[in-house]
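One structure is given below, encoded as structure tokens.
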Amino acid sequence: MGKPNHSGGIFLKGLSGYPRLELLFFVVVLIMYVVILLGNGTLILISILDSHLHTPMYFFLGNLSFLDICYTTVFIPSVLVSFLSVKKTISFSGCAMQMFLGLAMGTTECVLLGMMAFDRYVAICNPLRYSVIMSKGSYVPMAAGSWIVGIVNSTVQTGCVVQLPFCRNNVINHFACEILAVMKLACADISGNEFIMLVATTLFTMTPLLLIIISYTLIIISILRIRSSEGRSKVFSTCSAHLTVVIIFYGTILFMYMKPKSKETLNSDDMDTTDKLVSFFYGVMTPMINPLIYSLRNKDVKEAVKHLLRRKNFNK
């Protein structure tokens, strides 16, 4: 077993060899990042300032928006710098921090989406007891629990990875330090780490997905029992934004990890440029689209934004 080799840092290949593409993607990603900050920042602001939005659903939404800002800020600034820099290395400690924060945010989002699905289930299927079940004493610990689960999961997995010896050429064919890519650099048996990752993925990705599926199955059954088409439409509109976000979030994950790979990709550590871009834009597109979905498909959010703009103009 070799000695750890962290002195030279880790080289993030990204779009090395495509200088024109790097300049183009710098502009595109910068614009997307600004939209993410503005869109999610606005949702956080109105959920705090508008008293009509002081409900469990918008408390969860505020957490989701803050999470998306944190998640993208973990890696987008460093990616933007790498697009304009010849030096594309990151220190091992910086890589470990990026890996820890990215995994923590990703896990938290999965659990939080499951909590939001449960909230919609109670609101639609048990409306008379909604204020009792989803009281402040319930939804605040639910949101806090999502963050704690993410941090604990990331602490365990990242802690196991950084203890591995790294004695190969430290090159990651990606834009950021993704945990599986870092593990593959180790010159030791990583089967234990892969097992921990499998267990964690099952618990913190598939379990929330199962909760979402069960919740929406019960919601759909409840909606179908409503005789009025107008009533069905009104009830469905209260959860359509969250359902759209879930479909985009999990749909992209399934596309990334279940699509067929070429023999060359399967038999080597190389990643096709298209795969890298799809993986990268998955991490950027979802946080950018979330506030747009909640703004366009939610009457309360649209009214709150209009009220905020009117108040701003009045103060001028």
**Item:** Any donor-acceptor N or O pair under 3.5 Å, side chains Asn290, Asn40
**Value:** no

**Item:** Sequence neighbours excluded - ring pair (Phe, Tyr, Trp, His ring centres under 6.0 Å) pairs with any residue from residues 134-162
**Value:** Phe59-Tyr139, Phe66-Trp147

**From Leu38 atom CG to Leu45 atom CG, the distance as rounded to the nearest 0.5 Å** = 11.5 Å

**Request:** Report whether Leu37 and Ile48 are members of the same hydrophobic cluster (ILVMFWY, side-chain heavy atoms less than 4.5 Å apart, transitive linking).
**Result:** yes

**Message:** Could you report the tightest heavy-atom contact between Met288 and Val35, atom names first, then the distance?
**Reply:** CG-CG1, 3.5 Å

**Item:** Shortest non-hydrogen contact from Ser154 toward Met99
**Value:** OG-O, 4.3 Å

**Asked** Rounded to the nearest 0.5 Å, how far does CD1 of Ile196 lie from OG of Ser191?
**Response** 10.0 Å

**Fill in**
So NZ of Lys234 and OG of Ser229: to nearest 0.5 Å the spacing works out to 13.0 Å

**Asked** Between Thr205 (side chain) and Thr202 (backbone), is there a donor-acceptor pair under 3.5 Å?
**Response** no

**Message:** Grouping I, L, V, M, F, W and Y whenever their side-chain heavy atoms are under 4.5 Å apart, do Val156 and Val161 come out in a common cluster?
**Reply:** no

**Message:** Donor-acceptor check, side chain of Arg232 to backbone of Ile226, threshold 3.5 angstrom: yes or no?
**Reply:** yes

**Message:** Side chains of Tyr121 and Asn126: any donor to acceptor distance under 3.5 Å?
**Reply:** no

**Prompt:** What is the distance from atom CD1 of Ile36 to atom OG of Ser65, rounded to the nearest 0.5 Å?
**Reply:** 11.5 Å

**Prompt:** Phe100 and Ile151: which non-hydrogen atoms are nearest, and at how many Å?
**Reply:** CE1-O, 3.9 Å

**Fill in**
d(Asp68 CG, Tyr71 OH) to nearest 0.5 Å is 9.5 Å

**Request:** Compare all side-chain heavy atoms of Met142 with those of Phe118 and state whether any distance is below 4.5 angstrom.
**Result:** yes

**Prompt:** Do Met206 and Leu203 share a hydrophobic cluster, counting only Ile, Leu, Val, Met, Phe, Trp and Tyr and linking them when any side-chain heavy atoms are less than 4.5 Å apart?
**Reply:** yes

**Asked** So does His54 have more than 12 non-hydrogen atoms from other groups sitting under 6.0 Å from NE2?
**Response** yes

**Asked** Can you name the nearest heavy-atom pair linking Ser240 to Thr244, along with the distance?
**Response** O-OG1, 2.7 Å

**Prompt:** Can any side-chain N or O of Ser222 pair as donor or acceptor with the backbone N or O of Leu218 at less than 3.5 Å?
**Reply:** no

**Request:** Identify the heavy atoms of Ser47 and Gly62 that sit nearest to each other, and give their distance.
**Result:** OG-CA, 4.2 Å

**Request:** Specify the closest pair of heavy atoms between Gln157 and Ala200, including all atoms of both residues, with the distance to one decimal.
**Result:** NE2-CB, 3.2 Å

**Request:** Flag yes if more than 12 heavy atoms outside Met32 fall under 6.0 Å of its CE atom; otherwise flag no.
**Result:** yes

**Prompt:** Which pairs pass disulfide (SG to SG under 2.5 Å) with one or both residues in residues 83-144, sequence neighbours excluded?
**Reply:** Cys95-Cys177

**Asked** Other hydrophobic cluster members with Val132, side-chain heavy atoms of Ile/Leu/Val/Met/Phe/Trp/Tyr under 4.5 Å, chained?
**Response** none

**Asked** From Ser215 OG over to Met115 CE, what is the distance, rounded to the nearest 0.5 angstrom?
**Response** 11.0 Å

**Request:** Give a yes or no on whether Val235 and Ile220 share a hydrophobic cluster (residues Ile, Leu, Val, Met, Phe, Trp, Tyr; joining criterion: side-chain heavy atoms under 4.5 Å apart).
**Result:** no

**Request:** Give me the one residue out of Thr108, Thr201, Thr107, Thr158 that meets side-chain hydrogen bond (donor to acceptor under 3.5 Å, both in side chains) with Asn153.
**Result:** Thr107

**Request:** For Ser233 and Glu230, indicate whether the former's side chain and the latter's backbone hold a donor-acceptor pair under 3.5 Å.
**Result:** no

**Message:** Check for me whether the distance between the ring centres of Phe249 and His242 falls short of 6.0 Å.
**Reply:** no

